[in-house]
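Here the structure is laid out as structure tokens; the discussion comes afterwards.
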Amino acid sequence: MANTILVGAQWGDEGKGKIIDVLTEQADFIVRTQGGNNAGHTVFLGKKKYVLHLVPSGILRPGKRCVIGNGVVIDPIGLVEEIDRLTTLGVKVNTNLLISETAHLVLPYHRELDEQREILKGKDKIGTTKRGIGPAYGDKAARTGLRMIDLINPRCFEEKLRFKIKENNEVLKAFGAKPLSFKKVHDAYRAAGDRLKPFVANTVILLNEAALTQANILFEGAQGTFLDIDHGTYPFVTSSNTTAGGACTGSGVPPNRMDRVVGVMKAYTTRVGEGPLPTENQAIADLLHGLGREFGATTGRPRRCGWFDAVATGHATMVNGIDELAVTNLDGLDTLATIKVCVAYRDGANRYDYVPNELEVLSRCQPVYEEFPGWNTPTHRARKWKELPPKARVYLKAIAELTGAKLTVVSVGPAREETISL
Ligand code: GDP
Ligand code: IMO
Ligand code: MG
């Protein structure tokens with residue numbers, strides 16, 4: 001399989017968890033490199049549903065090693081709870097999980113600040129997951145963050161946390177929010193530190209040694225291209241580099257060890273949270289929500305939905321260097337008579353075949369659509385390319401061509417076996 005970076009090519013929730021689970025069969029290591037428990041990656045094994053937030057989805061296959069890399073921000077209590085939940089579901093989490101000692105921590109003041117900033121912004125809010133992600137990455141960039149290595153060193157943790165609680169209580173008071181008790185936070189997080197200590201390691205050295213021994217490493221992206229802090233629809237983004245480069249900085253594995261980039265995209269578009277979504281369409285949202293689909297895996301919020309946006313996915317191919325495409329949720333379009341694909345944006349007399357950076361312009365842009373006839377046939381039983389309705393094949397070929405990468409996987413249902421490899 002070689003070393004593969006898997007990224008979301010849209011606004012997150014593309015079905016990365018499902019595709020990671022399929023590709024993990026060929027992998028030795030599965031590595032998360034950015035984001036935190038704002039992610040929610042759904043994997044079905046038979047009828048059993050697993051939602052992974054910080055633990056790489058590879059944990060569900062015995063014999064695989066999973067790494068939470070240095071670029072991830074870790075809520076220690078959230079992680080302990082996730083490990084316990086997985087254990088209850090019968091998943092073994094022991095020496096198969098490693099946590100980078102230099103990954104930064106998400107602490108209660110980050111979550112509280114996330115919430116307070118959103119309240120203050122009012123109608124201009126980002127619509128974050130309220131997991132404290134922005135403030136935690138903010139501390140990392142400001143060089144005032146705490147890391148896993150601090151959490152497992154009681155003396156160091158106490159000293160650094162005392163200062164941070166003092167500092168942040170001043171800020172929380174200014175927001176009119178309740179200050180935090182140092183002792184309560186300290187005791188709860190030290191206990192989580194003791195639980196997590198056996199997993200903590202120098203994962204940069206481990207992964208580079210693995211890369212030298214020809215191990216297959218799969219980098220599990222979180223969020224999606226248009227939530228990237230640099231390349232997304234700023235400020236309606238998350239706080240990490242969700243694009244392919246983030247896999248290198250967030251793991252310490254250099255670019256010349258990477259062999260391919262797989263972009264995951266839905267056969268339509270979804271977004272959860274605020275910010276522009278040029279192809280948004282209420283009828284598609286009603287259709288998908290009516291089927292019980294497209295509710296956030298982390299927050300349960302209904303996702304906004306729209307037609308496939310090939311301007312966006314084409315841009316994603318460029319900034320990620322996507323070689324191969326996995327298209328998921330094809331079955332979501334099974335009942336439509338006509339299917340639209342956005343091939344350009346129009347703003348007055350201006351036509352764009354790229355995503356404009358000016359948010360005001362992007363928000364005004366109207367999609368230019370090409371129409372495709374629907375196939376009006378259930379696709380979820382197809383296991384081979386030839387078993388798909390011809391009109392579905394035409395549609396898939398067209399969106400892959402417009403996106404500019406090779407179609408290698410089509411997903412027609414949430415389960416592992418509901419997958420077509422080309
Ligand atoms: P991720 O964050 O990219 O891993 O995606 P999520 O798990 O948040 O959301 C994707 C949703 O689509 C989940 O509920 C998956 O079970 C589901 N899913 C993935 N692929 C398919 C598919 O091909 N068909 C259907 N019906 N559901 C799918
Ligand atoms: P996965 O990995 C979809 C969105 C939030 C919000 C914005 C900022 O499951 O694809 P944050 O809490 O990160 O500060 O929120 O980013 N967001 C996601 N949307 N899927 C995700 O992860 C997301 N993680 C964050 O809804 O709009
Ligand atoms: Mg998700």
Side-chain angles (χ1 to χ4, degrees), residues 7-19 40 42 223-227 233 263-273 275-297 301-317 322 325-345 355 362 365-380 382 388-389 391-405 407 409-414 418-420:
V7 292
Q10 296 161 322
W11 276 270
D13 300 330
E14 294 90 348
K16 297 178 295 294
K18 141 116 201 208
I19 302 299
T42 315
Q223 290 81 48
T225 299
F226 296 95
L227 293 173
T233 52
V264 184
M265 55 194 206
K266 278 179 176 147
Y268 48 92
T269 305
T270 65
R271 168 168 210 168
V272 58
L277 187 64
T279 63
E280 188 161 19
N281 180 287
Q282 195 53 46
I284 300 178
D286 292 345
L287 168 79
L288 294 164
H289 294 155
L291 295 168
R293 296 167 65 148
E294 303 308 344
F295 293 92
R301 291 178 289 177
R303 295 177 183 142
R304 298 156 65 194
C305 303
W307 299 111
F308 187 85
D309 183 343
V311 181
T313 57
H315 190 88
T317 296
I322 294 173
L325 290 173
V327 177
T328 69
N329 287 274
L330 181 73
D331 53 309
L333 303 176
D334 282 352
T335 56
L336 293 166
T338 305
I339 300 170
K340 293 185 189 182
V341 172
C342 170
V343 294
Y345 302 146
V355 183
L362 184 60
C365 274
Q366 293 300 315
V368 176
Y369 287 121
E370 226 170 71
E371 290 193 357
F372 292 81
W375 43 93
N376 258 305
T377 319
T379 52
H380 64 270
L388 284 171
K391 286 175 182 155
R393 284 185 258 154
V394 169
Y395 177 73
L396 287 166
K397 273 191 182 164
I399 60 172
E401 198 166 302
L402 288 162
T403 301
L407 180 66
V409 177
V410 178
S411 171
V412 291
E418 290 171 313
T419 309
I420 299 166

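Both backbone and side-chain heavy atoms feed into the values below; hydrogens, waters and symmetry mates do not.
- Every residue two or more places apart in sequence or in another chain that forms a side chain to side chain donor-acceptor pair (under 3.5 Å) with W375 is listed here: D334.
- Remark: side-chain polar atoms of N281 are paired, donor with acceptor, to backbone N or O of I284 under 3.5 angstrom.
- For the atom pair OG1 (T338) and CZ (F372), the distance works out to 11.5 Å, reported to the nearest 0.5 Å.
- Summarising the geometry, atom NZ belonging to K16 is positioned 9.5 Å from atom CD belonging to Q10; distances are rounded to the nearest 0.5 Å.
- Minimum heavy-atom separation, V341 to A310: CG1-CB, 4.2 Å.
- Atom-to-atom distance recorded for L407:CG and K397:NZ is 10.0 Å, nearest 0.5 angstrom.
- When side chains are defined from C-beta on, W11 counts as touching T233, because their heavy atoms get closer than 4.5 Å.
- V343 is not listed as a side-chain neighbour of Y369, based on a closest heavy-atom distance of 4.5 Å or more.
- What you find for I322 and A9 is that their closest heavy atoms are CD1-CB, 4.1 Å.
- Between W307 and C342, the closest side-chain pair of non-hydrogen atoms is not below 4.5 Å.
- For the 3.5 Å distance criterion, the side chains of E294 and Y268 qualify, holding a donor opposite an acceptor.
- Using modelled atom types, one finds a donor on one side chain and an acceptor on the other under 3.5 Å when comparing T313 with T403.
- Using a 3.5 Å distance cut-off with no hydrogens or angles, the side chains of K18 and T419 do pair a donor with an acceptor.
- A distance of 8.0 Å separates CG in N329 from CG in L288, rounded to the nearest 0.5 Å.
- In this structure, L388 and A382 approach most closely via the heavy-atom pair CD2-CB, 3.8 Å.
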(request) Under the side-chain contact (heavy atoms from CB on, under 4.5 Å) rule, what do V355 and Y345 come out as? Steps first, then yes or no, please. (result) CA-CA 8 Å; V355 183; Y345 302 146; 4.2 Å; yes
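- Applying the salt bridge (Lys or Arg N to Asp or Glu O under 4.0 Å) criterion to R293, with sequence neighbours excluded, gives D331.
- Looking at K266, its side chain never comes within 3.5 Å of a backbone N or O of L330 through a donor-acceptor pair.
- You'll find the side chain of V327 stays beyond 4.5 Å of the side chain of V409, heavy atoms only.
- Going from atom CD1 of I399 over to atom CD1 of I339 covers 9.5 Å, rounded to the nearest 0.5 Å.
- Contact annotation: the side chain of F295 never approaches that of R303 to less than 4.5 Å [non-hydrogen atoms, C-beta and beyond].
- The side-chain heavy atoms of M265 and L325, taken from C-beta on, include a pair separated by under 4.5 Å.
- What you find for P389 and T377 is that their closest heavy atoms are CG-CB, 4.1 Å.
- Minimum heavy-atom separation, I19 to S411: CD1-CB, 4.4 Å.
- With respect to E280 and R304, a salt bridge is recorded, a charged nitrogen being found less than 4.0 Å from a carboxylate O.
- Not one N or O on the side chain of T379 forms a donor-acceptor pair closer than 3.5 Å with the backbone of V412.
- T328 places a side-chain N or O within donor-acceptor distance of the main-chain N or O of E14, the cut-off being under 3.5 Å.
- Residues R271 and L227 have side chains in contact (heavy-atom distance under 4.5 Å, counting atoms from C-beta outward).
- By the 4.5 Å heavy-atom criterion applied to side chains, L333 and Y395 are counted as neighbours.
- When all heavy atoms of P367 and P278 are compared, the closest pair comes out as CG-O, 3.2 Å.
- A donor-acceptor distance shorter than 3.5 angstrom exists from the side chain of H289 to the backbone of A285, with no hydrogens or angles considered.
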